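Remarks on the structure that follows.
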Amino acid sequence: MDFVVRFWGVRGSIACPSPYHVRYGGNTSCLSFSMGDRHLILDAGTGIRGLGQYLQKQDVKEATILLTHTHWDHINGFPFFAPAFVPGRSFRILAGHLIGAGGIQEVLNTQMHTPMFPVPLDAMRARLEFEDFASGENFRLAPDITVRTCPLNHPNGATGYRVEYGGKSACYITDTEHTPGKPDATILALIEGADLVIYDSTYTDDEFPAKVGWGHSTWQEGVRLCRMANVKRMAVFHHDPDHDDDFMDALGAEAKAVWPGCFVARESEPVVV
Ligand SMILES: [Zn+2]
Ligand SMILES: [Zn+2]
């Protein structure tokens, strides 16, 4: 029973469907973790539209959606997630940053509220369960699927995830800002020994000084953390829309030369954990 990660959206900030973004993809953050016949969805950026079509084709009836946070690029595909409109489907939607800040149901409700969107949340006919937890809590999604979480350093908060299944572990660490020269101990503890870490690599170390306070990190910091924590592989993720295909090709080659465990996430390219 393989543990397979699929990238449905790899961009940060805003979708960028252009001829210069076709090789890596222009959709915003959305991943699926398939564990046997179970499906876990991470984030609901514009990439979740394609995932929804895939789940419909596979006749998948239920899934859990874990949200890192609710900035636009991580939720604005949710109103276009087709399975949520189908009676008989069932989705659990969890977020770790909204206790005392409205809660996840209210935030998604607001996103689809008039006059910003024509179709309200309650038009979704699937069974939707909304749950808020506090980043740092751990839980089981099934007897053989464990989720550990940690708070990330991001404006309005965000949650990092570690999912363990079948003796393998994959971590999803976005969006988060590092402090140069001070490795994030919370992240190090979460990713220790993981098989795969998907990391907020919005900027390069050269670009970072001009973006302090924007809530993001660099692929170089990701590599430093992964090496310190004995991680096997790292996916460069949350690509800046200003980083076109040629830029990402060069970045990928440079990253691989620095650490062979590093690769650049591409939309719809499956990775076995
Ligand atoms: Zn983001
Ligand atoms: Zn964000």
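For clarity, every value in this text was computed on a predicted model and none was experimentally measured. Indexing begins at 1, ligand by ligand and atom by atom, following the structure's order.
Ionic pairing of D205 and R224 is present here: one or more N-O contacts between side-chain nitrogen and carboxylate oxygen are shorter than 4.0 angstrom. Using a 4.0 Å cut-off between charged side-chain N and carboxylate O, K256 and E254 make no salt bridge.
Here the Zn ion (ligand 2) is the vertex; the NE2 atom in H69 and the ND1 atom in H71 give an angle of 90° (to 10°).
Counting backbone and side-chain atoms alike, H74 contributes no N/O/S atom closer than 2.8 Å to the Zn ion (ligand 2). The nearest N, O or S atom of H216 is not closer to the Zn ion (ligand 1) than 2.8 Å.
Remark: R266 qualifies as a cation-pi partner of Y24 under the 6.0 Å distance and 45° angle criteria applied to the six-membered ring.
With respect to I145, the side chain to side chain contact (heavy atoms under 4.5 Å, CB included) criterion is satisfied by exactly one of F33, F3, Y165: Y165.
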Residues L31, D43; criterion side chain to side chain contact (heavy atoms under 4.5 Å, CB included); working and verdict:
CA-CA 7 Å; L31 285 74; D43 279 336; 5.9 Å; no
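The atom of D73 that is an N, O or S and sits closest to the Zn ion (ligand 1) is OD2. The atom name of the N/O/S atom in D175 closest to the Zn ion (ligand 2) is OD2.
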